[in-house]
*Asks:* 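Structure below; questions to follow.
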Amino acid sequence: GAKWAYTGPHGENHWSMHYPFCGGSFQSPIDIQTQLLNFDPSLRPIELQNYNLSATEQLILGNNGHSVVLSLPRRMYISSLSQRYTAAQLHLHWGSSHLPSGSEHIINGHRFAAEIHLVHFNSDRYPNISMAADKSDGLAVLGVLIEIGEFNPVVDQFLKYIKGIKYRDQKVQVPGFNIRGLFPGRLDEYYRYDGSLTTPPCYPSVLWTVFKNPVTISLQQFRTLATAIYSSHQQELVPVPMNSNFRRAQYPDSRLVLCSFKR
Ligand SMILES: NS(=O)(=O)c1c(F)c(F)c(S(=O)(=O)CCO)c(N[C@H]2CCCc3ccccc32)c1F
Ligand SMILES: [Zn+2]
């Protein structure tokens with residue numbers, strides 16, 4: 001599709017020119033206002049199957065010009081939703097080295113340092129993610145908020161290879177690891193709402209789950225994430241650093257944001 005960016009003439013205020021859904025309803029991310037949440041007792045703990053990958057499994061870590069993306073094997077899936085949602089990839093959104101504030105979802109106006117998204121598609125109904133991406137029940141994305149603090153040894157399982165994907169379209173192989181370790185301890189405490197892809201084509205096709213409890217990465221790890229990669233190709237004359245790759249909060253409209261926990 002047409003090229004898009006987070007700043008400049010192809011920045012988010014221009015996305016709807018080539019991607020009409022970006023100007024539509026049910027857009028993500030949003031500012032989660034905790035005093036407006038609706039507790040929903042039917043929201044069960046998230047159950048993840050086959051997330052503990054062996055080191056003999058090789059994953060592809062890539063730079064797609066918009067984010068750092070880790071491919072995930074299809075045997076990983078979410079089993080606690082009404083239909084099976086099979087893993088496709090995980091990617092991150094972050095700030096810049098002098099502004100460690102780049103999560104997409106914000107809580108009461110507070111932006112966290114970064115955010116991990118694990119993208120899944122409804123494999124009960126669609127053969128692959130491309131067929132699912134524009135369907136209202138097509139995708140389920142799990143969001144994990146990241147704040148600066150203790151070093152994160154699980155994030156480092158892929159972050160330590162980031163120097164191999166400095167430029168757009170570069171890829172490296174990464175040994176498998178326990179992807180469950182990227183999540184906070186409590187998979188029963190989360191926010192839930194109907195939203196969209198946060199990048200073009202912005203399809204309103206995502207069942208969003210954002211975990212209440214953030215995880216940490218160290219300031220050094222954050223600086224590596226925020227300074228190591230470029231959204232431009234290696235042969236381009238002007239290297240474009242990749243940082244602040246987050247979309248601003250969208251209008252909630254009349255959407256209800258549910259939560260799986262009281263207080
Ligand atoms: N924040 S977000 O909404 O979760 C989110 C991103 F931010 C993001 F950059 C990507 S992307 O890297 O593919 C860049 C352009 O879509 C995706 N892609 C998903 C949905 C679109 C179709 C597709 C096809 C194969 C694999 C992944 C995906 C995305 F879902
Ligand atoms: Zn994302």
*Asks:* Not counting sequence neighbours, which residues clear salt bridge (charged side-chain N to carboxylate O under 4.0 Å, His left out) with Arg125? List them please.
*Replies:*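 Only Asp137 meet the salt bridge (charged side-chain N to carboxylate O under 4.0 Å, His left out) criterion with Arg125.
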*Asks:* Closer than 3.5 angstrom, by distance alone: can the side chain of Ser231 be matched with the main-chain N or O of Val240 as a donor-acceptor pair?
*Replies:*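 Answer holds: yes.
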*Asks:* When you measure from the side chain of Asp156 to the backbone N and O of Leu159, does any donor-acceptor pair fall under 3.5 Å?
*Replies:*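 It does not hold such a pair.
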*Asks:* In this structure, would Phe26 and Leu207 fall into the same cluster of hydrophobic residues linked by side-chain contacts under 4.5 Å?
*Replies:*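 No.
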*Asks:* To the nearest 0.5 Å, what is the distance between OG (Ser67) and CD1 (Ile229)?
*Replies:*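 Between Ser67 OG and Ile229 CD1, I get 7.0 Å after rounding to 0.5 Å.
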*Asks:* Return yes if a side-chain donor-acceptor contact under 3.5 Å exists between Arg111 and Ser103, otherwise no.
*Replies:*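 Result is no, nothing qualifies.
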*Asks:* Atom NZ of residue position Lys135 - does it have more than 12 heavy atoms of other residues, nucleotides or ligands inside 6.0 Å?
*Replies:*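 Result for NZ/Lys135: enclosed.
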*Asks:* For Phe112, enumerate each residue passing the ring pair (Phe, Tyr, Trp, His ring centres under 6.0 Å) test, keeping only those at least two apart in sequence or located in another chain.
*Replies:*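 Ring pair (Phe, Tyr, Trp, His ring centres under 6.0 Å) check on Phe112 returns His110.
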*Asks:* Find out whether Pro252 and Asp31 are in side-chain contact, i.e. whether some heavy atom of one side chain is under 4.5 Å from a heavy atom of the other.
*Replies:*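 Answer no - side chains too far apart.
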*Asks:* So, for Pro214 and Pro184, which heavy atoms are closest and what is the spacing to 0.1 Å?
*Replies:*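 Nearest heavy atoms, Pro214 then Pro184: O-CB, 4.5 Å.
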*Asks:* In sequence, state the C-alpha distance, the side-chain angles, and the governing distance for Ser232 and Arg168, and then conclude on side-chain hydrogen bond (donor to acceptor under 3.5 Å, both in side chains).
*Replies:* CA-CA 5 Å; Ser232 47; Arg168 182 178 188 137; over 6 Å; no
*Asks:* side-chain contact (heavy atoms from CB on, under 4.5 Å) with Asp134: which residues, sequence neighbours excluded?
*Replies:*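 With neighbours one apart ignored, the set is Tyr203.
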*Asks:* Do the side chains of His18 and Pro200 get nearer than 4.5 Å, heavy atoms only?
*Replies:*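 No, side chains not in contact.
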*Asks:* By the definition side-chain contact (heavy atoms from CB on, under 4.5 Å), identify the one residue from Ile116, Leu70, Val69 that meets it with Leu92.
*Replies:*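 Single pass found, and it is Ile116.
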*Asks:* State whether the side chain of Asn50 and the backbone N or O of Arg75 hold a donor-acceptor pair below 3.5 Å, judged by distance alone.
*Replies:*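 Checked: pair present.
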*Asks:* Quick one: side-chain contact (heavy atoms from CB on, under 4.5 Å) partners of Ser196, sequence neighbours excluded?
*Replies:*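 With neighbours one apart ignored, the set is Gln27, Ser28, Arg247.
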*Asks:* Answer whether the closest heavy-atom distance between the side chains of Met242 and Asn63 falls below 4.5 Å.
*Replies:*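 Touching, per the 4.5 Å side-chain cut-off.
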*Asks:* Please report the shortest heavy-atom distance between Val174 and Gln157, naming the atom on each side.
*Replies:*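 Closest approach of Val174 to Gln157: CG1-O, 3.6 Å.
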*Asks:* Taking all atoms of both residues into account, what is the closest heavy-atom pair of Lys163 and Ala228, and its distance?
*Replies:*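 For Lys163 versus Ala228, the nearest heavy atoms are NZ-CB, 4.4 Å.
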*Asks:* Could you tell me which residues satisfy side-chain contact (heavy atoms from CB on, under 4.5 Å) with Arg248, sequence neighbours excluded, listed by chain and number?
*Replies:*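 Only Glu12, Phe246 meet the side-chain contact (heavy atoms from CB on, under 4.5 Å) criterion with Arg248.
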*Asks:* Is there a side-chain contact between Asn108 and Gln33, using heavy atoms and a 4.5 Å cut-off?
*Replies:*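 Heavy-atom side-chain distance check passes, below 4.5 Å.
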*Asks:* Could you give me the CA-CA distance, side-chain angles and deciding distance for Val206 and Thr198, then say whether side chain to side chain contact (heavy atoms under 4.5 Å, CB included) is met?
*Replies:* CA-CA 10 Å; Val206 180; Thr198 68; over 6 Å; no
*Asks:* What's the separation between atom CD1 in Ile78 and atom NE2 in His120, rounded to the nearest 0.5 Å?
*Replies:*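 Answer rounded to 0.5 Å: 4.0 Å.
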*Asks:* List in chain and number order the residues that pass side chain to side chain donor-acceptor pair (under 3.5 Å) with Arg74, two or more places apart in sequence or in another chain; answer none if no residue qualifies.
*Replies:*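 Arg74: no side chain to side chain donor-acceptor pair (under 3.5 Å) contacts found.
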*Asks:* With distance as the sole test, does Asp253 use its side chain to make a donor-acceptor pair with the main-chain N or O of Arg255 at under 3.5 Å?
*Replies:*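 No, Asp253 side chain to Arg255 backbone: no donor-acceptor pair under 3.5 Å.
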*Asks:* With a 4.5 Å cut-off on side-chain heavy atoms, are Thr34 and Lys212 touching?
*Replies:*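 Side-chain contact under 4.5 Å: no.
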*Asks:* Determine yes or no for a side-chain-to-main-chain donor-acceptor pair under 3.5 angstrom, with Ser218 supplying the side chain and Phe151 the backbone.
*Replies:*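 No: the side chain of Ser218 does not pair with the backbone of Phe151.
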*Asks:* Check ring pair (Phe, Tyr, Trp, His ring centres under 6.0 Å) between Tyr161 and all other residues, then give those that pass, not counting sequence neighbours.
*Replies:*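 Here no residue qualifies.
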*Asks:* Determine, using ring centers only, whether Tyr193 and His105 are less than 6.0 Å apart.
*Replies:*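 His105 vs Tyr193: aromatic centres under 6.0 Å.
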*Asks:* Has Tyr6 got more than 12 heavy atoms of other residues, nucleotides or ligands less than 6.0 Å from its OH?
*Replies:*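 Yes.
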*Asks:* Can you confirm whether more than 12 heavy atoms, excluding those of Phe21, are under 6.0 Å from its CZ atom?
*Replies:*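 No, not enclosed.
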*Asks:* Answer yes or no: is there a donor N or O on one side and an acceptor on the other, between the side chain of His117 and the main chain of His91, under 3.5 Å?
*Replies:*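 No, because the side chain of His117 does not come within donor-acceptor range (under 3.5 Å) of the backbone of His91.
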*Asks:* Below 6.0 angstrom between ring centroids: does that apply to Phe121 and Tyr126?
*Replies:*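 Ring-ring flag for Phe121/Tyr126: false, centres at least 6.0 Å apart.
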*Asks:* Rounded to the nearest 0.5 Å, what's the gap from CG on Leu139 to CG on Leu197? Could you check?
*Replies:*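 CG of Leu197 is found 6.0 Å from CG of Leu139.
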*Asks:* Once rounded to the nearest 0.5 Å, what's the spacing between atom CG of Leu118 and atom CG of Leu48?
*Replies:*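 If I round to the nearest 0.5 Å, the distance is 8.5 Å.
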*Asks:* Could you list the residues that satisfy ring pair (Phe, Tyr, Trp, His ring centres under 6.0 Å) with His14, not counting sequence neighbours?
*Replies:*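 Expected list: none.
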*Asks:* Would you say that Phe183 contacts Leu142 through its side chain, given a criterion of any heavy-atom pair below 4.5 Å between the two side chains?
*Replies:*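 Contact flag for Phe183/Leu142 side chains = yes.
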*Asks:* Excluding sequence neighbours, so at least two apart, what forms salt bridge (charged side-chain N to carboxylate O under 4.0 Å, His left out) with Arg84?
*Replies:*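 With sequence neighbours excluded, Arg84 shows a salt bridge (charged side-chain N to carboxylate O under 4.0 Å, His left out) to no residue whatsoever.
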*Asks:* In a check of side-chain contact (heavy atoms from CB on, under 4.5 Å) between Phe222 and each of Val155, Ile146, Ile148, Thr227, which one passes?
*Replies:*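 Result: among Val155, Ile146, Ile148, Thr227, Ile148 is the only option passing the side-chain contact (heavy atoms from CB on, under 4.5 Å) with Phe222.
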*Asks:* Closest heavy-atom contact between Val215 and Leu182?
*Replies:*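 Minimum heavy-atom separation between Val215 and Leu182: CG1-O, 3.6 Å.
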*Asks:* Which class fits the ring pair Trp4 and His66: parallel under 30°, tilted 30 to 60°, perpendicular over 60°?
*Replies:*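 Correct class here is parallel.
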*Asks:* Checking Phe177 now: which residues fulfil ring pair (Phe, Tyr, Trp, His ring centres under 6.0 Å) with it, not counting sequence neighbours?
*Replies:*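 Applying ring pair (Phe, Tyr, Trp, His ring centres under 6.0 Å) to Phe177 gives none.
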*Asks:* List the residues meeting salt bridge (charged side-chain N to carboxylate O under 4.0 Å, His left out) with Glu150, not counting sequence neighbours, and say none if there are none.
*Replies:*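 Glu150 satisfies salt bridge (charged side-chain N to carboxylate O under 4.0 Å, His left out) with no other residue.
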*Asks:* Could you give the distance from CD (Gln58) to OG1 (Thr56), rounded to the nearest 0.5 Å?
*Replies:*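 Going from the CD atom of Gln58 to the OG1 atom of Thr56 covers 8.0 Å.
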*Asks:* Verify, without hydrogens or angle tests, whether Asn243 (side chain) and Trp94 (backbone) share a donor-acceptor contact under 3.5 angstrom.
*Replies:*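 Not confirmed, Asn243 side chain does not pair with Trp94 backbone.
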*Asks:* What's the verdict on side chain to side chain contact (heavy atoms under 4.5 Å, CB included) for Leu36 and Val257, showing C-alpha distance, side-chain angles and the deciding distance?
*Replies:* CA-CA 8 Å; Leu36 300 179; Val257 181; over 6 Å; no
*Asks:* Kindly determine whether Tyr191 and Phe261 satisfy ring-ring contact (aromatic ring centres under 6.0 Å, His included), including the steps that lead there.
*Replies:* CA-CA 9 Å; Tyr191 310 109; Phe261 58 92; 5.7 Å; yes
*Asks:* Is it the case that the side chain of Asn152 and the backbone of Thr216 share a donor-acceptor pair, with hydrogens and angles ignored and the cut-off at 3.5 Å?
*Replies:*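 Side chain of Asn152 to backbone of Thr216, a donor-acceptor pair under 3.5 Å: yes, one is there.
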*Asks:* Counting N and O atoms only, with roles assigned by atom type, does the side chain of His98 sit under 3.5 Å from a partner on the main chain of Ser96, one being a donor and the other an acceptor?
*Replies:*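 Not at all, since once roles are kept as given, no pair shorter than 3.5 Å links the two residues.
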*Asks:* Only counting residues at least two apart or in another chain, list the ones meeting side-chain contact (heavy atoms from CB on, under 4.5 Å) with Gln170.
*Replies:*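 Scan of Gln170 (side-chain contact (heavy atoms from CB on, under 4.5 Å), adjacent residues dropped) gives Ile165, Lys166, Tyr167, Gln234.
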*Asks:* Kindly indicate whether the side chain of Thr209, heavy atoms from C-beta on, has any atom under 4.5 Å from the side chain of Phe211.
*Replies:*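 Yes, their side chains come closer than 4.5 Å.
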*Asks:* Are any side-chain N or O atoms of Ser260 and backbone N or O atoms of Asp188, one a donor and one an acceptor, separated by less than 3.5 Å?
*Replies:*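 It does hold such a pair.
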*Asks:* Which atom pair, heavy atoms only, marks the closest approach of Leu59 to Gly176?
*Replies:*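 It is CD1-CA, 4.1 Å.
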